[in-house]
Amino acid sequence: MSETVLVLLAGVAAGALNAIGGGGTFVALPALVAAGLPPVTANASSTVALVPGSVASAWVYRRDLAPVGDTSTRALTTVSVLGGGLGAGLLLALPAVSFDAAVPWLLAFATVVLAFGRRVSRAVSEARGHAVGMSPRAVLLGQFLLAVYGGYFGGAVGIMMLAVWSIGLGLDTSTGNPMRVAQITAIYLSATGLFLIASDALGAPRLLVAMLVGAVAGGVAGARIARRLPAWLLRAVILTTAVTMTVLYFVRG
């Protein structure tokens with residue numbers, strides 16, 4: 001099977017995962033690296049390629065958007081755009097060797113959040129007997145930090161958003177998922193603008209187009225089946241992928 005077909009299939013999987021529950025980076029980044037792109041270029045290219053899929057998913061979810069507590073949706077989106085741009089700038093400004101060394105640890109961190117984040121969320125809520133009750137300012141600060149991380153790397157950033165909103169506001173995961181998709185889209189759009197101008201993300205157009213087409217198809221399909229797929233099955237697939245990729249990156253390093 002050619003590299004182009006593999007990247008196309010990885011794009012479908014990444015777009016679907018991002019639409020349903022997050023974790024697309026665990027598929028997209030390793031696929032582009034395996035196709036021969038340097039890690040920094042692969043990260044920038046995967047972000048650019050996943051944007052249309054995220055936009056397509058956000059469009060499907062547009063009628064299901066629910067506010068995050070008392071925080072203005074416009075303010076939340078503005079913070080996501082600013083943080084995503086800053087994170088993308090850090091990726092381009094820092095030495096490539098820094099990102100190469102950080103990738104396995106970023107994957108490991110995201111995997112741990114994926115595996116235990118919801119348990120921590122439930123434990124904190126049960127211990128307090130109620131949600132923490134974050135103020136809008138605290139929500140925006142947390143969103144900004146997550147957006148910086150999302151622009152720089154992005155692995156499991158959507159899962160982290162849901163964890164923060166669940167712990168801090170008691171927001172139900174299914175209720176918050178459409179807003180998660182919308183905010184990831186804002187982060188990716190901001191980062192993509194910088195990557196298109198200042199990076200070599202367009203250096204491998206064949207691979208980029210293949211992943212982009214796959215991500216759009218996966219994003220639309222994933223958003224449509226999100227309510228039908230058993231949550232435990234999706235979570236198991238994402239977690240298995242995350243653990244596998246993390247181990248492979250440590251072995252490669």
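Numbering starts at 1 and runs along the sequence shown.
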Non-hydrogen side-chain atoms of Val148 and Leu90 separated by less than 4.5 Å
yes
Going through the checks in order, is the side-chain contact (heavy atoms from CB on, under 4.5 Å) test met by Leu32 and Met211?
CA-CA 9 Å; Leu32 290 174; Met211 179 158 284; 3.8 Å; yes
Could you state whether Leu207 and Val209 fall into the same hydrophobic cluster, counting links through intermediate Ile, Leu, Val, Met, Phe, Trp or Tyr residues with side-chain heavy atoms under 4.5 angstrom apart?
no
Rounding to 0.5 Å, atoms CZ (Arg206) and OG1 (Thr4) come to a distance of 3.5 Å
Does Val12 share a hydrophobic cluster with Val33, counting links as ILVMFWY side-chain heavy atoms below 4.5 Å and allowing steps through other members?
no
Do you reckon Val81 sits in the same ILVMFWY cluster as Val164, going by side-chain contacts under 4.5 Å, direct or chained?
no
Does the Thr77 side chain pair with the main chain of Thr73, one donor and one acceptor, at a distance under 3.5 Å?
yes
Can you find a pair of side-chain heavy atoms, one from Arg137 and one from Leu141, that are under 4.5 Å apart?
no
What pair of heavy atoms forms the shortest contact from Leu50 to Ala28, and how long is it?
CD1-CB, 4.2 Å
Can you name the closest pair of heavy atoms from Val7 and Ala35 and give their distance?
CG2-CB, 4.1 Å
Going hydrophobic residue to hydrophobic residue with side-chain gaps under 4.5 angstrom, can you get from Leu91 over to Leu37?
no
Taking it one step at a time, do Val68 and Met161 satisfy side-chain contact (heavy atoms from CB on, under 4.5 Å)?
CA-CA 11 Å; Val68 179; Met161 281 186 207; over 6 Å; no
Working to the nearest 0.5 Å, report the span between CH2 of Trp165 and OG1 of Thr175.
11.5 Å
Distance, nearest 0.5 Å, that separates OG of Ser80 from CD1 of Ile184:
9.5 Å
Between Gln143 and Thr71, is there a side-chain heavy-atom distance shorter than 4.5 Å?
no
Let me check something: do Phe153 and Leu92 share a hydrophobic cluster, defined by ILVMFWY side-chain heavy atoms less than 4.5 Å apart, either directly or through other members?
yes
Side chains of Asn18 and Ser57: does their closest heavy-atom pair fall under 4.5 Å?
no
So do Leu145 and Tyr149 actually touch side chain to side chain, heavy atoms under 4.5 Å?
no
Residue from Leu86, Leu76, Thr78 passing side-chain contact (heavy atoms from CB on, under 4.5 Å) with Phe144
Leu86
Which pair of heavy atoms, one from Gly85 and one from Ser190, lies closest together, and at what distance?
N-OG, 3.0 Å
Atom pair CG (Leu189) and OG (Ser54), whose distance is rounded to the nearest 0.5 Å
8.0 Å
Start with the C-alpha distance between Tyr152 and Asn43, add both sets of side-chain angles, then the distance that settles side chain to side chain donor-acceptor pair (under 3.5 Å), and finish with yes or no.
CA-CA 8 Å; Tyr152 182 78; Asn43 194 55; over 6 Å; no
Minimum heavy-atom separation for Leu17 to Gly24, with atom names?
CB-N, 4.0 Å
Show the atom names and distances, to 0.1 Å, of all donor-acceptor pairs under 3.5 Å that link a side chain in residues 193-201 to residues at least two apart or in another chain.
| residue | atom | partner | partner atom | Å |
| --- | --- | --- | --- | --- |
| Ser199 | OG | Phe195 | O | 2.6 |
| Ser199 | OG | Ala201 | N | 3.2 |
| Asp200 | OD1 | Thr41 | OG1 | 3.0 |
| Asp200 | OD2 | Thr41 | OG1 | 3.2 |

Just how far is it from atom OH of Tyr61 to atom OG1 of Thr185, taken to the nearest 0.5 Å?
11.0 Å
Note: Met134 and Leu169 closest approach over all heavy atoms is O-CD2, 3.5 Å
Taking all non-hydrogen atoms of both residues into account, name the closest pair between Leu208 and Ala49 and its distance.
CD1-CB, 3.8 Å
Indicate yes or no for a side-chain donor-acceptor contact from Ser46 to the backbone of Ala42 under 3.5 Å, with no hydrogens or angles considered.
yes
Distance, nearest 0.5 Å, that separates CG of Asn177 from CG of Asp64
9.5 Å
